Amino acid sequence: MSRYNHRDVEPKWRERWAAAGVDRALSPEEAQDRPKAYILEMFPYPSGRIHVGHSRNYTMGDVIARFRRANGYNVLHPMGWDAFGLPAENAAMERGIHPKGWTNDNIAAMREQLKLLGLAIDWSREIATCDPAYYKHQQAMFLAFWKKGLVYRKKQKVNWDPVDNTVLANEQVVDGKGWRSGAPVETRELEQWMFRVTAYADDLLEAIAGLARWPEKVRLMQSNWIGKSQGAKIWWDIVQDPLLSSPFQGEESKSATGTPPPARGRLGGGPLPGAIEVYTTRPDTLFGASFLALAPDHPLTKAIAEHNPAVAKFIEDCARLGTSEADIEKAEKFGVDLGVRVRHPFDPDWILPVWGANFVLSTYGTGAIFGSPAGDQRDLDFANKYNLPFKPVVLPPGADAATHTITDEAFVDDGVIYNSRFLDGLSTKDAIKRAIEELVKLEKGEATTQWRLRDWGVSRQRYWGCPIPAIHCGKCGVVPAPEDQLPITLPDDATFDKPGNPLAHHPTWKHVSCPTCGGKAERETDTLDTFVDSSWYFARFTDPKNENAPFDPKLANYWLPVDQYVGGVEHAVLHLLYARFFTRAMRDCGLLQMNTNNGEPFASLFTQGMVVHEVYRQVEPVDTGGFVNAICKSVGEALDKPIGAVVQLMFENPAGPIGQIVHMGGWVLPEQRETLSQEFPGSVYLTGPIEKMSKSKKNVVDLDAFVQDYGADVARWFVLSDSPPERDVEWTAAGVKGAWNFVQRVWSLVDGYGHAAPKPSEHAPAMEPEAHALRQLAHRAIQSVTEDIEHFRFNVAVARCYELVNAIAKLKSEDSGSLFARGEALRILTQLIAPFMPHLAEQCWERLGFLPFVATAPWPEADPKLAARTTVTLPIQVNGKRRGEIEAAVGAAEADVRALALANPAVAQFLAGQTVRKVIVVPDRIVNIVAN
RNA sequence: GGCUCCGUAGCUCAGCUGGAUAGAGCGGGUCCGUCCUAAGGACACGGUCGGGGGUUCGACUCCCUCCGGAGCCGCCA
C-alpha cells in the first residue's frame with residue numbers, strides 16, 4: 001500500500017492534461033452537435049499574488065466546467081487579466097517600477113499560481129486588457145459608439161486633488177481629503193467623456209425580469225440602481241422674487257427664476273420663465289402642499305445667496321456637512337426662507353413660501369420639491385421644525401376623516417384622498433391620474449418619467465489605461481482619431497515622478513496633426529475607466545486572437561451568452577450593468593447579433609461568498625481618564641478602528657469586562673500570537689473570525705505554500721465543503737485537516753482495493769444484501785451529486801461523497817459480489833469527486849485500471865433500478881407519536897397502506913378501546929392515526 | 001430609515017414543496033493499533049433547532065412578534 005503523495009501526483013497529471021490538450025475549447029465545426037457551455041469566472045486584477053481566498057471563485061467555475069465537459073458539452077473556460085488600473089501606477093510612483101513591468105510580472109506569477117490549482121482552463125485564449133492587441137479593438141469600438149451617438153462630452157464635477165494635480169475616484173477621497181496628499185479635495189468642473197447608458201435605460205430595466213437565473217438580490221440591486229420612477233413635473237409661478245426688487249437687478253443675465261429656460265414653447269407645455277419646476281411622484285397630495293424646497297445648489301438658491309447673507313450661510317453650512325453616509329445619518333434637516341413666493345397650480349389665490357433645504361438633492365429630479373408634510377416624513381420633520389402649516393390629505397384605510405390627524409408621523413401609503421376639492425374620494429392611484437390631467441389642462445405640469453441612472457463618465461486622468469482615440473484641434477474641435485492609426489499605444493518612456501497625468505506632460509506623445517485640417521493638434525490625454533475594459537472581455541474570449549475585429553460575430557454568436565458567470569457580489573451593480581450596456585451597444589453597432597437570451601450577456605449568474613479567516617489584533621487596556629475615540633458595540637466595529645485609536649469595548653472581550661477602554665494596536669499573524677503573548681505578557685488580543693483575507697490584516701494563507709504542504713486538491717475541496725457557496729466560508733486548520741484526511745482515506749480505499757474496477761457495462765454477479773445496499777447507495781449518490789452540482793450546492797455534494805466513502809469503508813467482505821459492489825462504488829466515487837479534486841481522481845482512475853483520463857470520461861449514469869426505492873418503511877403514528885412501522889411498496893395505494901397500518905399489531909395495541917377518528921396517509925412518508 | 005439574508009451539537013454547516021427517534025465533517029471522550037511519534041480503525045457522548053405566541057393530526061420547516069448577527073441601498077420627492 002502506497003501513501004498518496006500530492007507533490008508527485010499533482011504536477012504529473014497537469015503535465016499530461018496539457019500534453020493531451022484536454023482543456024481546449026473546440027471550434028463550432030469540431031464540436032459538431034455537441035452543445036456548448038461557456039463557463040466564466042470574473043477575471044482577476046493582477047495585484048501580485050493569489051491566496052487561498054481567491055481560489056474559491058475559480059474552483060467553483062472549474063467544478064461546473066469539468067462537470068459540463070463530462071456531460072458531453074463543448075466547454076469554453078478561459079482566463080485573462082483585468083490589467084489596467086491604479087495600483088500599477090501607484091507602484092510606479094512609490095517604487096519607481098514601470099506599470100507595464102509591474103503588471104507583466106504579476107501576471108506571470110499569478111498565471112503560475114492559478115495553474116497550480118489544476119483548473120481546466122483553455123490557456124491558449126488568455127488575454128490581458130493592457131495588451132495593445134486587446135485595446136486596439138476597444139478604441140475602434142469607442143469610435144463606433146461615438147458615431148452611433150453613444151459617446152459625448154460633458155462638463156462634470158470631479159474630485160480634484162490640488163497638490164497631486166489629479167482627479168480622484170470617490171474611494172480615494174478619505175474624510176474629504178486626498179488619500180495620498182492629505183490635501184482637502186476641491187470640486188472642479190472638467191470636460192469628461194460620457195457613455196450614454198441612459199439610452200438603454202428602459203431596456204436595461206425591463207430585461208432584468210428575464211434574467212431568471214440571476215440571484216434575486218442582484219436583480220433587485222440592478223433595478224434600484226436604474227431607479228425608474230413615474231411622476232409629474234409641476235411648474236409653480238413665482239409671484240414674489242426678492243431679486244426683482246434688488247438694487248443689483250441690472251444685470252440681465254441673472255435670471256431671477258433660476259429655472260432653466262423652457263425646453264419648449266408655451267404651446268408645447270413646459271415651464272415659463274418665472275416658474276419653478278418641481279418633480280413629484282405624488283401629485284395626488286398637491287392640496288396638502290405647504291411650501292416648496294430647493295436644493296442648496298439649485299440655480300435660484302445660488303442667485304439669491306449673492307444678495308442674502310442668510311442664504312449664503314445656509315449654502316455654506318450644507319457644503320460643510322458633507323455627503324458621506326455617516327453624515328447623512330446624523331444630519332438634521334435645516335433650511336432657510338428664500339423670500340420667494342409661488343402660486344399653487346390649482347388655486348391662483350394660494351400663495352406658498354419657497355425655502356432652501358439641505359435634504360433636497362440637486363442631482364435628482366429638478367432639484368426642487370413641493371413639501372406635503374402629512375404625506376412625507378422628511379417634509380413633516382421640516383414643517384415641524386419651522387412651524388410650517390400642514391393638513392392631511394390622504395385618509396388611511398379604515399381611518400375616520402373627522403378624527404384622523406398627523407403630528408409626528410407622516411402617512412406615506414395609499415389611501416383615499418380628502419380635503420382636496422376635486423380629488424376628494426379618489427384612491428391614491430386615481431388621484432395621481434386625475435391631478436396630472438388637470439395640470440396638463442392648466443398648462444402647469446405634465447407626466448414624466450425620472451431615472452436614477454445617469455450616464456457613465458469614462459474619463460480618467462491617468463496613464464495606465466486605454467488611451468481615448470480623440471484629437472483636439474484648435475480649428476476643428478474634438479475629432480475622432482483615424483481608425484487606421486489604431487492602436488494608439490501608451491508611450492513606454494512616461495515618467496511618474498511628477499503629480500498629474502503622465503500622458504499630459506509627456507514631451508512629445510500628445511502632439512499630432514489634425515486628421516481633418518492637418519494643422520497642429522493634441523491627442524486626448526484621458527484614458528478610459530477600467531470598467532470599460534471589463535465590459536466586453538467575455539466576448540473577446542470567443543475569438544481572442546482576431547487582429548481585424550474584436551471578435552468574429554459568428555464565433556461570438558456561437559459562444560454567447562455566457563452560460564455560467566461566477567463572481568463576487570461587489571460587482572452586482574456597476575460591472576454587470578456596464579457589460580449589459582456594452583452588449584446592447586455592440587449589437588447596435590453591428591458587432592454581434594445576440595439574438596438569444598434577450599440580448600443579455602450572462603444567462604446565469606452566481607455570486608459566491610468569500611473565504612474569511614481569523615484575525616488577531618493587539619489591544620492594551622489603558623486608563624485615559626475617560627477619553628475615547630469611539631465606543632464599539634461589536635468586534636467588527638473595533639477591528640475597523642485605526643492603529644492608535646482609543647476605544648471602549650461594549651462587548652465581551654478578552655481584554656476585560658464590558659466597558660473596558662483599550663488602545664488599538666497592530667494586526668498580528670495567527671501563528672505569532674503565542675510567541676507574542678510570552679514576549680509581551682501585558683498585552684491581549686482581540687479575535688475576530690470574520691475578516692476577508694487581506695495582506696494588511698495579516699490573515700492571508702498563501703497559495704503556493706499551501707499547495708506545497710497539502711496539495712491543490714485539499715484547498716479546492718476545503719473551500720467548497722464547509723459552507724454553502726453563496727455564503728462566506730471560514731478557513732480553519734481543522735477544516736484543512738478534514739480535507740487532508742479525506743484525500744488520504746479515498747486513496748487508501750482505492751489503492752487497497754487492488755483490483756481493476758468493473759466497467760459500467762459489466763453485469764453484476766449475485767451478491768449479499770450488504771453489497772447490494774452499497775450499490776444502491778452509490779447510484780443514489782450519482783443522482784444526488786449530479787443535482788447538487790447543477791444547483792450549485794457544492795457543500796451538499798461534498799457531504800454525499802463523505803457518506804459514500806463511509807459506506808465503502810464499512811463493507812468488509814471479500815466475496816465476488818462485494819468486490820464488484822466495492823469496485824463499482826469506488827469508480828463512481830472517483831468520478832463524483834473528479835470535478836472537485838481532479839488530481840486525486842485522476843490518480844485513482846489510473847489505479848482502478850481506466851484510461852486515459854477521468855477528466856474526459858463521460859459522467860456516470862445512475863441505474864434507475866438501483867437508485868429507485870422499491871419499498872419504503874413507513875412509520876405509523878397514533879396521535880402524533882410513533883408506535884410502529886410497516887414496509888410498503890413505493891407508491892402503494894392509500895387504502896392498502898391504511899389497512900396495513902391498522903392491522904399492525906403494535907399499532908392495534910395502542911388503538912384498543914379507542915375510536916379511530918381519522919387516518920392521515922402521506923404517500924411514501926408517514927401514516928398518522930387520530931384516535932380517542 | 002427601507003429591503004434582503006442568517007440564527008440547528010463545542011465549531012463549520014446539511015435537513016427537499018410541513019411528516020419518523022433532526023444528520024455530516026472537525027474538535028473533545030473511551031478503546032484498538034504502534035518500539036516511539038503519527039496515519040488509520042472501532043465505539044459512545046454531544047441538541048428545549050435564538051426566545052415567545054399562532055396555524056395543524058403533525059412545525060427545524062408556514063404565519064406573527066421579540067432578541068441577536070451580516071449584507072445592500074439610502075433625505076431619490
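Heavy atoms only: backbone and side chains are in, while hydrogens, waters and symmetry mates are out. These numbers were taken from a predicted model, which means no experiment stands behind them. Naming convention: chains lettered A, B, ... in sequence-line order (proteins, then strands); numbering from 1 in each chain.
- For A:Y279, the side-chain atoms get nearest to B:rA77 when compared with the rest of B:rG27, B:rC75, B:rA77.
- Atom-to-atom, CZ of A:F718 to P of B:rC13 comes out at 10 Å; the value is rounded to the nearest Å.
- Across all strands shown, A:G738 has heavy atoms under 4.0 Å from sugar-phosphate atoms exclusively, and none from any base.
- At whole-Å resolution of the value, CG in A:L720 and P in B:rC13 are 14 Å apart.
- For A:R716 (side chain) and A:T59 (main-chain N/O), no donor-acceptor pair under 3.5 Å exists by modelled atom type.
- Place A:K918 and A:A739 on RNA chain B by their nearest nucleotides, and A:A739 ends up nearer the 5' end.
- If you check B:rA24, B:rA14, B:rC76 against the side chain of A:V796, the one that comes closest is B:rA14.
- Both A:E803 and A:R454 lie close to RNA chain B; mapped to their nearest nucleotides by heavy-atom distance, the more 5′-ward contact belongs to A:E803.
- Residues A:D379 and A:S372 have side chains that never bring a donor and an acceptor to within less than 3.5 angstrom of each other.
- For A:F291 and A:Y386, the ring centers sit 6.0 Å or farther from each other.
- Taking the six-membered ring where the residue is Trp, A:W236 and A:F370 present tilted rings, their angle falling between 30° and 60°.
- Each of B:rA14, B:rG41, B:rA39 was ranked by its minimum atom distance to the side chain of A:R745; first place goes to B:rG41.
- Here A:V278 lies out of heavy-atom contact (under 4.0 Å) with every strand.
- Here A:N741 reaches the OP1 or OP2 of B:rG40: one of its side-chain N or O atoms lies under 4.0 Å away.
- Taking 4.0 angstrom as the limit, A:N224 places none of its side-chain polar atoms (N or O) nearer than this to OP1 or OP2 of B:rG2.
- Rounded to a whole Å, the CD atom of A:Q877 is 6 Å from the C1' atom of B:rA20.
- Atom CD1 of A:I920 and atom P of B:rG18 are 15 Å apart (whole Å).
- Comparing atom distances between the A:V930 side chain and each of B:rC57, B:rG27, B:rA20 picks out B:rC57 as nearest.
- Proximity of a side-chain donor or acceptor of A:T301 to a complementary backbone N or O of A:A295 within less than 3.5 Å is detected.
- The shortest distance between the side-chain N/O atoms of A:K217 and the OP1/OP2 oxygens of B:rG71 is not below 4.0 Å.
- Panel note: side chain A:H6, backbone A:L840; no donor-acceptor pair is recorded below 3.5 Å.
- A straight line from CZ of A:F742 to P of B:rG25 spans 10 Å, rounded to a whole angstrom.
- A donor-acceptor contact under 3.5 Å is not formed by the side chain of A:K737 with the base of B:rC26.
- The distance between atom CG of A:N358 and atom C1' of B:rC76, rounded to the nearest whole Å, is 15 Å.
- Each of B:rC75, B:rG19, B:rG74 was ranked by its minimum atom distance to the side chain of A:R378; first place goes to B:rC75.
- Among the heavy atoms of the strands lying under 4.0 Å from A:L220 are primed sugar atoms or P, OP1, OP2 only; no base atom is included.
- In this structure, A:L380 atom CG and B:rG1 atom C1' are separated by 15 Å, rounded to whole Å.
- No donor-acceptor pair under 3.5 Å is formed between the side chain of A:K333 and the backbone N or O of A:D381.
- For the P atoms, the distance from B:rA24 to B:rG46 is 15 Å, rounded to whole Å.
- The residue A:N806 sits close only to the backbone: its heavy atoms come under 4.0 Å of sugar-phosphate atoms, none of a base.
- Residue A:V360 has its side chain nearest to B:rA77 when only B:rG27, B:rA77, B:rC75 are considered.
- Out of B:rA77, B:rC57, B:rA14, the shortest distance to the side chain of A:N795 is found at B:rA14.
- Distances were taken from every side-chain heavy atom of A:Y364 (C-beta onward) to each of B:rA24, B:rC76, B:rA39; the shortest belongs to B:rC76.
- Taking atom CZ of residue A:F359 and atom P of nucleotide B:rC75, one finds them 13 Å apart after rounding to whole Å.
- Rounded to whole Å, the C1' atom of B:rC67 lies 25 Å from the corresponding atom of B:rA14.
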